[in-house]
Amino acid sequence: MQYWDVRILTASYARENVVIELYGRTREEKSIVIRYEGFRPYFYLVDPPKSILDDLKKDGNVLKLEDCTLFVDGEDKKCVKVAIKEPWTVPEYRNELGRDCRVLAADIPFAQRFIYDLDLNSCVRVFGERIEGDYTTDLVVRADKFEECEPFKPSLKILSFDLENSIKNGTIYTICCAIKFKEKRFIERLSGNERDIIQDFVKVVQKYDPDVITGYNIDGYDIPTIIERSKQCGIRNLPFGRDFTQLRNVGGRFWRLHGRIIADAWWNVKREVKPKQETLNYVAKILLGERKEDVDPTKIDEEWKKDRDKVISYCLKDAELALHILEKIAVLNKSMDLATVSKLPVDDVINGRTSTLIDSILIREADRNKIGVPQTKHVRKREKIIGGYVHTIEPGLYHWVCVLDFKSMYPSVIISNNICFTTISDKGKVVSPTGIRFLDKGERLGLLPQILERLMNDRENVKRKRAESKDDDEIRYYDGLQNAIKTLMNAFYGVFASSFYRFTNPEIGGSITAFARENIKNVIDELENEDLTVIYGDTDSVFFSSPYDNLNDTINFGKEKGERFSKGGIVLEFEKVLEPFFSHGKKKRYVGNVVWPKKEMLVRGYEIRRTDAFDLQSDALNMVFKEIMKCDLDKAVKVAREMTTDVANGKVPIEKLVISRSCKSYNFYKNPDTQANVQAARKREKMGYEFVPGMKVSWIVTDGKKSPQIVEPFISGKAFEHKPDYNYYARRIAMTLARITEVSNWDEKSLLAGVQQSTLFGKDRSRSKKKERIKKTDKKLTLEDFM
DNA sequence: TGCCCTCGGGG
DNA sequence: GTGTACGAGGGCA
């Protein structure tokens with residue numbers, strides 16, 4: 001019998017004959033679809049009444065009823081396994097039977113059920129034979145059996161596309177594609193009749209047969225546009241799938257396709273990079289050092305009329321940029337690692353939720369241990385559990401700050417306290433700070449602690465292999481893998497500690513965070529007992545000043561503390577040194593210069609999203625941060641003041657005051673009259689400029705005192721003929737800066753924080769004097785001081 | 001402090 | 001498709 005090693009990319013099923021279809025790429029880098037017949041859906045009923053069983057026995061769609069015992073709600077219970085013919089009828093059964101009986105595991109997608117039951121990994125060796133079939137793939141295989149195989153990462157074929165269409169009437173002008181497979185690259189430029197463009201695009205997808213389709217904001221724009229326009233042109237069918245089926249919209253936001261992964265570059269950049277601005281141009285600049293071509297997309301109709309070739313070239317460039325961005329952030333590579341450790345098709349990792357990852361691990365384990373799999377509870381309002389402990393932070397500038405992190409705090413807590421949905425019990429001897437009881441390990445070892453311990457060991461093993469390896473590729477491989485395991489472990493606590501999930505409840509999540517709070521508070525107490533000033537702490541990290549004012553001694557000091565406070569399975573890791581470190585006394589807001597292990601500026605909680613603000617705001621903030629990081633608080637405050645006065649006096653380039661936002665059609669809004677973007681759009685129209693719903697409009701505030709505020713549209717390249725409300729802008733700037741400088745008078749406490757350290761060891765008097773000075777000059781610095 | 005509304009990306 | 005879907009920021013009570 002022939003066999004193929006396959007990396008699974010997507011999993012689905014065909015209704016006809018109920019055939020499971022696994023799409024992927026082989027070790028030889030051929031595209032493949034694996035068909036498997038004979039697998040049928042099933043679920044469980046907990047101790048069903050006889051009447052239900054009688055009905056099921058008479059039901060022609062029911063294939064089999066089988067008695068079994070499952071561990072449910074803390075005890076073994078009599079259950080019945082119900083196998084039925086068609087996966088798409090399961091929801092009906094679930095709802096119907098759910099009225100009189102507890103139903104288990106009836107909400108697991110069919111293809112996943114299959115993967116779990118055959119315990120398939122992300123890569124499998126499939127035995128079977130080649131057959132004919134209506135697919136775009138190189139190979140169509142009828143599978144007989146699966147075996148394990150070494151994971152591998154084949155090259156994937158990626159197609160990136162972009163379209164340009166009329167703002168006025170929506171007509172698609174062009175679709176351009178950039179395709180990449182191994183070292184080969186292709187491009188396609190489609191233009192002409194709209195109907196032809198769309199149909200040619202379908203042919204291009206079928207011809208190149210990509211594993212991955214990408215582009216920038218294709219989920220939210222290009223894909224819906226193509227579907228919408230195809231309807232306008234009377235195209236009935238868009239067979240983009242590897243089985244010639246159509247795109248399916250999931251949850252209003254995402255798209256799925258049989259055999260191909262839709263990986264929107266925008267979403268992935270958002271997730272992986274969190275850029276402060278998300279436009280393609282900005283992201284291309286920061287990631288690739290490239291920019292878009294010189295076409296104004298807000299005037300696409302004129303541009304098209306003027307120079308078609310230029311617009312087509314612009315369109316192709318955008319497709320290429322999206323492709324390069326996706327490659328740059330290496331999401332496919334990382335996703336393959338995460339798919340390997342969570343044993344899932346790559347698609348589920350890229351487009352699925354974290355609970356999908358956890359399900360994959362946990363449901364298999366539950367099945368093996370005859371533990372009932374509850375269904376996801378649909379709760380409207382989610383009951384919030386108390387989160388991590390956040391230590392209060394005194395305002396001030398601190399020096400040589402050591403940051404220590406609890407290594408895998410939540411997993412450690414779960415393991416050491418045997419926290420699990422299988423161990424929660426009134427009879428338990430482990431009592432959480434919230435009073436919830438869990439059986440101890442001797443009585444019943446929890447599933448969750450078991451899995452997490454295994455993952456932790458796996459990660460250590462991979463790390464060891466990485467350390468032993470001499471080969472660069474191998475080192476990279478192991479590094480990706482250990483990172484993926486870390487991500488997976490974090491996903492566990494994410495799901496268990498903070499939200500509803502099929503296997504947990506707020507009591508369990510609340511217990512986990514309560515234990516964690518207890519841990520960190522204990523460490524803070526112990527550190528303080530050693531006369532160390534703990535500056536800050538959040539969930540699993542503590543910040544304290546080193547008594548030394550140089551890097552080497554500080555590093556040794558931090559290491560020593562980390563080692564000493566690691567005990568009982570909880571490890572405190574020395575993570576970084578900050579010099580200096582500043583906070584104005586608000587939790588979760590601070591700035592620091594990381595000087596070890598690598599140099600970078602760390603800003604938390606102060607970031608401004610450019611789209612929500614005008615340029616001057618972030619400019620001002622950055623300038624002030626720069627001074628603070630130079631330890632010149634005087635200068636920082638001075639800069640802040642000057643900036644505000646300049647704005648109040650109108651000494652500022654007008655473009656720095658422009659606020660932009662998109663505007664939908666007016667009647668879309670609840671009360672359009674109060675919205676600045678609507679006001680700007682209306683005035684823009686009155687001035688004789690075009691406004692199309694969805695367009696981005698720019699404006700400047702001319703009277704911020706009125707409610708709603710008065711704004712005037714700003715048209716780039718044209719002189720602004722109104723007077724900006726400089727006081728309004730000065731106030732906004734002051735408000736932004738006051739977030740940092742409104743340290744109520746750099747009070748004694750804030751000074752002490754630094755002074756103590758320096759005088760204690762008789763060093764660095766200059767620095768404390770500098771602080772004294774600030775204390776004298778800035779009694780209280782508030783909004784009024786700026787005005 | 002907490003709830004409600006809006007937006008981002010794209011043309 | 002045996003299914004679930006963001007997250008930050010501003011305004012306002």
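Each chain gets a letter, A, B and so on, in the order its sequence line appears, and its residues count up from 1.
Side-chain contact, A/Y116 with A/Q112: a donor N or O sits under 3.5 Å from an acceptor N or O.
Side-chain proximity of A/P109 to the nucleotides B/dG10, C/dT2, B/dC7 is greatest for C/dT2. In this structure, of C/dT2, B/dG9, B/dG8, it is B/dG8 that holds the atom nearest to the side chain of A/K270. Considering only the side chain of A/R94, C/dT2 comes nearest among B/dG9, B/dG11, C/dT2. Of the candidates B/dG10, B/dG11, C/dT2, the closest approach to any side-chain atom of A/N217 belongs to B/dG10. When the nucleotides B/dG11, B/dC7, C/dT4 are ranked by their closest atom to the side chain of A/Q675, B/dC7 comes out on top. Closest to the side chain of A/E278, out of C/dT4, B/dG8, B/dC7, is B/dG8. Among the nucleotides B/dG10, C/dT2, B/dG8, the one closest to any side-chain atom of A/F110 is C/dT2.
When all heavy atoms of A/S335 and A/I350 are compared, the pair lying nearest together is OG-CG1, 3.3 Å. Nearest heavy atom pair, residue A/A265 against residue A/Y216, reads CB-CD1, 4.1 Å.
For B/dG8, one of the phosphate oxygens OP1 or OP2 lies less than 4.0 angstrom from a side-chain nitrogen or oxygen of A/S662.
If you take CG of A/D347 and P of C/dT4, they are 17 Å apart, rounded to a whole angstrom. Atom-to-atom, CZ of A/R661 to P of B/dG9 comes out at 11 Å; the value is rounded to the nearest Å.
Nearest-nucleotide positions on DNA chain C place A/R248 closer to the 5' end than the other of A/R248 and A/W267.
The stretch residues 292-308 of chain A touches DNA chain B through A/K292, A/P297, A/I300, each having a heavy atom under 4.0 angstrom from the strand. Applying a 4.0 Å cut-off to non-hydrogen atoms, none of the residues of residues 11-18 of chain A approaches DNA chain B.
Heavy atoms of other residues, nucleotides or ligands lying less than 6.0 angstrom from CZ of A/R271 number more than 12.
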